[in-house]
Protein chains: 2
Amino acid sequence: MPESRPRIVPEATVARLAVYLRVLAGLADGGRSHVSSGELASAAGVNPAGLRKDLSYLGPCGVRGVGYSVAGLRDRLTDALGGERSRACVLVGIGRLGSALADYSGFASRGFQFVGLLDTDPATVGHQVGGLTVRPVAELEGLVAETQATIGVITTPADVAQSVCDRLVAAGVRSILNFAPVALSVPAGVDVRKVDLSVELQVLAFLDQQRDGVPPVLAPVRATAQGGVR
Amino acid sequence: MPESRPRIVPEATVARLAVYLRVLAGLADGGRSHVSSGELASAAGVNPAGLRKDLSYLGPCGVRGVGYSVAGLRDRLTDALGGERSRACVLVGIGRLGSALADYSGFASRGFQFVGLLDTDPATVGHQVGGLTVRPVAELEGLVAETQATIGVITTPADVAQSVCDRLVAAGVRSILNFAPVALSVPAGVDVRKVDLSVELQVLAFLDQQRDGVPPVLAPVRATAQGGVR
DNA sequence: AACCGCTTGTGAACGCCTGAACAAAGTCGC
DNA sequence: GCGACTTTGTTCAGGCGTTCACAAGCGGTT
Ligand SMILES: NC(=O)c1ccc[n+]([C@@H]2O[C@H](COP(=O)([O-])OP(=O)(O)OC[C@H]3O[C@@H](n4cnc5c(N)ncnc54)[C@H](O)[C@@H]3O)[C@@H](O)[C@H]2O)c1
Ligand SMILES: NC(=O)c1ccc[n+]([C@@H]2O[C@H](COP(=O)([O-])OP(=O)(O)OC[C@H]3O[C@@H](n4cnc5c(N)ncnc54)[C@H](O)[C@@H]3O)[C@@H](O)[C@H]2O)c1
């Protein structure tokens with residue numbers, strides 16, 4: 001059996017692999033059997049050469065002169081990104097954003113299943129959201145242990161996000177997706193990814209201003225003499 | 001002395017500047033007058049040297065031996081990231097996610113104001129969300145022209161996201177924040193940033209699997225790293 | 001069977017960003 | 001006023017990621 005080489009995959013590549021996988025799933029539904037790197041790259045919004053390099057981390061996946069087998073590549077990517085098995089997620093903070101996430105069907109189709117919704121607000125606890133009943137946050141530890149959840153999603157206000165994070169980690173969760181606008185500190189061995197929507201808007205505002213303001217005036221300036229007053 | 005010329009600022013740095021700005025706002029509310037790069041970096045979840053390098057793109061901002069003036073640096077960052085003026089945003093697709101965004105108060109405090117909410121669903125149009133009335137998507141062009149909105153946020157289903165994007169661009173919007181899981185194609189001069197939550201979960205799943213699969217391989221163990229997009 | 005067109009896979013150059021060390025500069029104590 | 005301490009701003013090197021360009025390989029065709 002040809003052992004697949006466990007090369008190191010850059011994190012940026014992993015994120016793009018997930019995008020390729022989604023595009024491939026759509027192509028498979030459309031009945032396509034083969035696809036070229038150019039077409040796939042176009043649909044994913046990336047450079048064709050970069051896409052081929054990304055896929056090369058998984059070893060040879062395509063057929064030269066033909067392209068990639070849609071179903072074959074899809075399965076390969078699925079396997080590389082964590083396999084078929086469904087991953088249990090707990091969601092803490094069932095407010096406006098948390099409710100939207102809990103109700104979203106797009107996660108389940110990718111193997112991510114919410115197994116617990118937690119909140120402190122008595123007015124929220126007991127409600128049915130996305131087929132689950134919101135439970136009091138006191139049950140967090142028991143829920144994680146019981147369901148073996150590996151992913152925790154934090155959609156609480158910022159001031160309690162760190163304490164929620166600490167409890168999740170202590171309960172055994174090793175992957176956290178954080179929507180609260182704070183930098184969480186976690187022990188080594190725990191991964192945190194942060195989604196910061198305000199930052200996204202602010203970056204857009206900056207790019208907008210830069211475009212109008214002083215566009216490409218001093219792009220290639222390589223002035224090494226920084227001492228002089230400008 | 002002439003105003004300091006804006007050097008080329010890497011986009012990754014811009015995103016972090018927005019984070020620093022938020023931390024500084026919190027410190028200012030707390031009454032702090034000065035802060036060191038170490039403390040600020042800790043609160044933002046980055047390396048102190050990297051933070052100083054980021055700030056150096058704006059020219060000298062601090063006082064050696066003392067640190068940074070909280071209010072001074074906050075104002076400087078605010079200016080660098082697009083000024084004080086409030087930016088008008090239109091939100092298309094007032095479903096679960098769109099409603100959560102429209103209702104969120106955290107954007108207004110950073111100068112981003114929703115001036116229009118658009119949807120096609122007759123059951124949604126006319127409803128009051130976040131102080132605004134949802135209007136039919138047919139009014140998109142008129143609304144953008146009238147309000148001079150510069151930012152468009154897309155929270156529609158994926159299959160109509162491209163057409164919505166095209167209409168926004170044609171109406172004059174030059175910055176787009178896209179939550180739909182598709183790669184939007186836009187003409188040059190228009191900036192798109194994409195938020196893809198499924199990808200975030202998939203990356204976490206990959207890291208989780210990698211950790212369990214081949215533990216002793218990864219040399220670079222980062223303590224409290226916070227992912228970025230990058 | 002051999003050629004030809006097409007597409008993949010990869011090597012190497014380039015540019016960007018990150019992390020650490022060092023020098024400049026300002027303040028506080030005396 | 002002066003020294004020493006603190007903290008910034010900058011420079012340097014290293015790693016990572018992206019892009020280009022081309023050789024290698026496969027299918028179809030004659
Ligand atoms: N809604 C958005 O569009 C948006 C955008 C950007 C960032 N965010 C961030 O996402 C987070 C949630 O936003 P939201 O709009 O849903 O807020 P929200 O107030 O609607 O919801 C927060 C929920 O967390 C619950 N909660 C509070 N303390 C808790 C605790 N200790 N344990 C468990 N649950 C607790 C509250 O009861 C509430 O239901 C916030 O940090 C916010 O800054 C939201
Ligand atoms: N809800 C989530 O947690 C979540 C997570 C990840 C991604 N997303 C993505 O965000 C988008 C919205 O998600 P959602 O859960 O809010 O979906 P939703 O179905 O609740 O809302 C979509 C809204 O868009 C409106 N709409 C449809 N066609 C339109 C058009 N042509 N013009 C204007 N409005 C139109 C619909 O009437 C509806 O109100 C989807 O693309 C989804 O894939 C959502």
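We name chains A, B, ... by the order of the sequence lines, and we start the count at 1 in each one.
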- Message: Exactly one of Leu118(B), Val92(B), Leu140(B) should register a side chain to side chain contact (heavy atoms under 4.5 Å, CB included) with Arg167(B). Which one does?
- Response: Leu140(B)
- Query: In whole Å, what is the span from the CG atom of Leu40(B) to the C1' atom of dT7(D)?
  - Reply: 13 Å
- Would you indicate whether the side-chain heavy atoms of Ile151(B) and Phe114(B) approach each other to under 4.5 Å? no
- Query: To the nearest angstrom, how far is Arg52(B) atom CZ from dT18(C) atom C1'?
  - Reply: 13 Å
- Here the distance between atom C1' of dT27(C) and atom NE2 of His34(B), to the nearest Å, is 11 Å
- From the candidates dA25(C), dA24(D), dA21(D), the one with an atom nearest any side-chain atom of Arg64(A) is dA24(D)
- Expressed in angstrom and rounded to an integer, what is the separation of Tyr57(B) atom OH from dT18(C) atom C1'? 10 Å
- CG of Asp191(A) to CD of Glu11(A): how many Å apart, nearest 0.5 Å? 7.5 Å
- Going by heavy atoms in the side chains, are Val169(B) and Ile176(B) under 4.5 Å from each other? yes
- Report the C-alpha separation of Ser37(B) and Arg52(B) in whole Å, then their side-chain angles, then the decisive distance to 0.1 Å, and conclude whether the side chain to side chain donor-acceptor pair (under 3.5 Å) test is met. CA-CA 7 Å; Ser37(B) 64; Arg52(B) 292 199 298 273; 3.0 Å; yes
- Query: Between dG9(D), dT18(D), dA20(C), which nucleotide gets closest to the side-chain atoms of Ala12(A)?
  - Reply: dT18(D)
- Query: CG of Leu51(B) versus P of dA20(C): gap in Å, rounded?
  - Reply: 14 Å
- Note on the structure: Per atom distances to the Val66(B) side chain, the nearest of dG9(D), dT27(C), dT18(C) is dT27(C)
- Length of the CZ-P vector between Arg16(B) and dT18(C), whole Å: 4 Å
- Considering only dC17(C), dT10(C), dT27(C), which nucleotide approaches the side chain of Pro10(B) most closely? dC17(C)
- Query: CG of Leu58(A) versus P of dT10(C): gap in Å, rounded?
  - Reply: 11 Å
- Query: Looking only at side-chain N and O atoms, does Ser37(A) come under 4.0 Å of OP1 or OP2 in dT8(C)?
  - Reply: yes
- Give Gly67(B) one of three labels, base, sugar-phosphate or nothing, depending on what nucleic acid heavy atoms sit under 4.0 Å from its own. sugar-phosphate
- Task: Would you tell me if any nitrogen or oxygen in the side chain of Asn47(A) comes within less than 4.0 Å of OP1 or OP2 on dG17(D)?
- Result: no
- Note on the structure: The residue, Asp54(A) or Gly65(A), whose nearest nucleotide of DNA chain D is more 5′ is Asp54(A)
- Query: Out of dT18(D), dC12(D), dC20(D), which nucleotide sits closest to the side chain of Lys53(A)?
  - Reply: dT18(D)
- Item | Proximal nucleotide (of dG26(C), dT8(D), dC20(D)) relative to the Ser36(B) side chain | dT8(D)
- Message: Tell me whether the side-chain N/O atoms of Tyr68(A) come closer than 4.0 Å to OP1 or OP2 in dC26(D).
- Response: no
